[in-house]
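Just below is one structure, and these are the notes that go with it.
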Amino acid sequence: MPSDTLQLLLGWAVAELRKIDIESPQLDARLLLQHATGLSREDLIIDPDRGISPAAAASFRAMVARRLAFEPVSRILGEREFYGRAFKVTPDVLDPRPDTETIIDLALPLMNASSRILDLGTGSGIIAITLLAETPEATGVAVDLSPAALVVARSNAVRLGVASRLTCVAGNWFEPVDGRFDLILSNPPYIPSADIAGLEPDVRNYDPHLALAGGRDGLGPYRTIAAGAAAHLAPSGHVLVEQGAGQADAVAAIFTAAGFKVAGTGVDLGGHLRCLIFSR
Ligand SMILES: C[S@@+](CC[C@H](N)C(=O)[O-])C[C@H]1O[C@@H](n2cnc3c(N)ncnc32)[C@H](O)[C@@H]1O
């Protein structure tokens, strides 16, 4: 057990996390130590021999133990940064992924002050809330089948100042939705259900099953969204979806068969074709 200085605690945690091949042991240990101590990254660099209170050290060790059980850092901290904003994350929502920023980059140029957006499968609310926060007079509706996820989305909408422009409704895709929208967006569950057991433990043990499972071939939600989109899209509106690596052709075929054409594409940080834009 190390003595409780910043440097020794950090070194101990990094060594422990390396033993189980955590991808970014330095970063994870640093974020947890900052959270436990309330210190900044600069504090950790400038004063590595600083002593830590027993309470902060105990809290840090407890957090490292959770990470050693493969719990993602964002879940331990209860917060995840997305498009420059901090979103609350709980066990009821998908841990937002950086790749989902691709759909934001594609959507923003399509929006104007009066845009009305629909976010299907909103989870923590990252897509709808980010778009409304970036477009100060736009309004939107966010849908999720999970009422518990909607509690998180609502709380993020309040925290990020868009609650008066976002309606959160529980239900199955389009079922609770009336009217037409300029943008319909979704990052639906897209993992073939049989593949979930083989995912990394930080995903399969911590992301809600409902947020991952896309049915037999992972494409079920796209079929439902493509079938319902025309009835809810404004005449010159667009549908934007995120899909898994390697699914773009299949998703494009589903929307093409439903009368849409591909109007744009977006590539994620890993070079995968991550998002598609459709128009009529
Ligand atoms: C992959 S997660 C995406 C969450 C969030 N939009 C994001 O990008 O982080 C998919 C979301 O779809 C929701 N969902 C699953 N089935 C649904 C359905 N039939 N109707 C509405 N939402 C559904 C899940 O609860 C989950 O929040």
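On a predicted model such as this, the values are computed, not experimentally measured, just so you know. The analysis underlying the following values was restricted to heavy atoms, covering all of them including side chains, and did not include hydrogens, waters or symmetry mates.
Considering only heavy atoms from C-beta on, Tyr83 stays 4.5 Å or farther from Thr100 through its side chain. At least one side-chain heavy atom of Asp28 sits less than 4.5 Å from a side-chain heavy atom of Ile22. Looking at Leu185 and Leu118, their side chains never come closer than 4.5 Å, going by heavy atoms from C-beta outward. With contacts defined as side-chain heavy-atom distances shorter than 4.5 Å, the pair Phe278/Lys261 does not qualify. Side-chain atoms of Asp47 and Asp43, non-hydrogen and from C-beta on, never get closer than 4.5 Å to each other. The side-chain heavy atoms of His209 and Ile196, taken from C-beta on, include a pair separated by under 4.5 Å. With contacts defined as side-chain heavy-atom distances shorter than 4.5 Å, the pair Gln247/Leu219 qualifies. Counting heavy atoms from C-beta on, the side chains of Val141 and Ile117 never come closer than 4.5 Å.
If you take CG on Leu6 and CG on Leu44, they are separated by 5.0 Å, rounding to the nearest 0.5 Å. Interatomic distance, Leu77 CG to Lys88 NZ, rounded to the nearest 0.5 Å: 14.5 Å. Within the model, atoms CD of Gln243 and OG of Ser186 stand 11.0 Å from one another, a figure rounded to the nearest 0.5 Å. Taking CZ from Arg67 and CG from Leu31, the interatomic distance works out to 10.5 Å, rounded to the nearest 0.5 Å. To the nearest 0.5 Å, atoms SG (Cys275) and CG (Asp99) are separated by 8.5 Å. For the atom pair CZ of Phe82 and CG of Asn156, the computed distance is 11.5 Å after rounding to the nearest 0.5 Å.
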Discussion item. As a quick check of understanding, evaluate salt bridge (Lys or Arg N to Asp or Glu O under 4.0 Å) for Glu79 and Arg159, giving each step before the final call.
Written reply: CA-CA 12 Å; Glu79 201 170 89; Arg159 172 181 184 155; 2.5 Å; yes

Worksheet item: Does the side-chain contact (heavy atoms from CB on, under 4.5 Å) test come out yes or no for Ile277 and Val239, once each step is laid out?
Response: CA-CA 6 Å; Ile277 307 178; Val239 182; over 6 Å; no

Worksheet item: Yes or no on side-chain contact (heavy atoms from CB on, under 4.5 Å) for Leu10 and Thr5, after CA distance, side-chain angles and deciding distance?
Response: CA-CA 8 Å; Leu10 201 58; Thr5 67; over 6 Å; no

Practice prompt. Apply salt bridge (Lys or Arg N to Asp or Glu O under 4.0 Å) to Arg97 and Asp207, showing your working.
Written response: CA-CA 11 Å; Arg97 309 294 204 271; Asp207 280 316; 2.7 Å; yes

Practice prompt. For Leu39 and Arg50, run side-chain contact (heavy atoms from CB on, under 4.5 Å): C-alpha distance rounded to whole Å, both residues' side-chain angles, the deciding distance at 0.1 Å, then the answer.
Written response: CA-CA 11 Å; Leu39 296 172; Arg50 185 163 170 163; 3.3 Å; yes

Practice prompt. With salt bridge (Lys or Arg N to Asp or Glu O under 4.0 Å) as the test, would you mind laying out the steps for Asp95 and Arg75 before giving the verdict?
Written response: CA-CA 7 Å; Asp95 182 9; Arg75 296 205 181 276; 5.1 Å; no

Worksheet entry | Check against side-chain contact (heavy atoms from CB on, under 4.5 Å), Val93 and Phe87 | CA-CA 11 Å; Val93 298; Phe87 284 78; over 6 Å; no

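Looking at Ser53, its side chain does come within 3.5 Å of a backbone N or O of Ala56 through a donor-acceptor pair. Side chain of Arg180 to backbone of Leu233: a donor-acceptor contact under 3.5 angstrom is found. Side-chain atoms of Arg165 come within 3.5 Å of backbone atoms of Ala138 as a donor-acceptor pair (strictly under, hydrogens ignored). A side-chain donor-acceptor contact under 3.5 Å links Arg280 to the backbone of Ala230. Side-chain N or O atoms of Arg274 include none that pairs as donor or acceptor with a backbone N or O of Thr265 at under 3.5 Å.
The minimum heavy-atom distance linking Ala213 with Ser193 is given by the pair CB-OG, 3.7 Å. When all heavy atoms of Ala57 and Leu9 are compared, the closest pair comes out as CB-CD1, 4.1 Å. Here the shortest heavy-atom pairing between Gly244 and Tyr222 reads N-OH, 4.2 Å. When all heavy atoms are compared, the tightest approach of Ile254 to Ala226 is CG2-CB, 3.8 Å. Counting all heavy atoms, side chain and backbone alike, Gly171 lies closest to Val143 at O-CG1, 3.6 Å. Considering all non-hydrogen atoms of both residues, Pro188 and Pro221 come closest at CB-CB, 3.6 Å.
Between Glu16 and Arg61 there is no salt bridge, since no side-chain N of the basic residue sits under 4.0 Å from a carboxylate O of the acidic one. Taking the charged nitrogens against the carboxylate oxygens, Asp217 and Arg223 do have a contact shorter than 4.0 Å, which makes a salt bridge.
Judged purely by distance below 3.5 Å, without hydrogens or angles, the side chains of Asn112 and Ser114 pair a donor atom with an acceptor atom. One side chain, Thr122 or Asp119, offers a donor N or O that lies under 3.5 Å from an acceptor on the other. Side-chain contact check for Arg30 and Gln26: no donor-acceptor pair (N or O, by modelled atom type) lies under 3.5 Å. Donor-acceptor pairing under 3.5 Å is lacking for the side chains of Thr102 and Asp105.
Connection of Val14 to Leu32 is not established within any shared hydrophobic cluster, with ILVMFWY side chains joined at heavy-atom distances below 4.5 Å, either directly or through further cluster members. Hydrophobic clustering (side-chain heavy atoms under 4.5 Å, transitive across Ile, Leu, Val, Met, Phe, Trp, Tyr) groups Ile103 together with Leu166. Side-chain heavy atoms closer than 4.5 Å link hydrophobic residues (I, L, V, M, F, W, Y) into clusters, and following such links, even through other members, never connects Val241 to Leu108. A single hydrophobic cluster is seen to contain both Leu27 and Met63, as judged by linkage of ILVMFWY side chains at heavy-atom distances under 4.5 Å, directly or through other members. By the rule that hydrophobic residues join a cluster once side-chain heavy atoms approach within less than 4.5 Å of another member, Ile126 and Leu131 end up as members of one cluster.
Applying the 6.0 Å contact sphere to CZ of Arg41 captures no more than 12 heavy atoms from other residues, nucleotides or ligands. Sparse packing is recorded around CG of Asp249, with 12 or fewer heavy atoms of other residues, nucleotides or ligands lying under 6.0 Å away.
A cation-pi arrangement, defined by a distance under 6.0 Å to the six-membered ring centre and an angle within 45 degrees of its axis, is present between Arg116 and Phe181.
Ring centroid separation for the pair His232 and Phe174 comes in under the 6.0 Å cut-off.
The side chain to side chain donor-acceptor pair (under 3.5 Å) contacts involving residues 123-152 comprise Arg85-Glu134, where partners must be two or more places apart or lie in separate chains.
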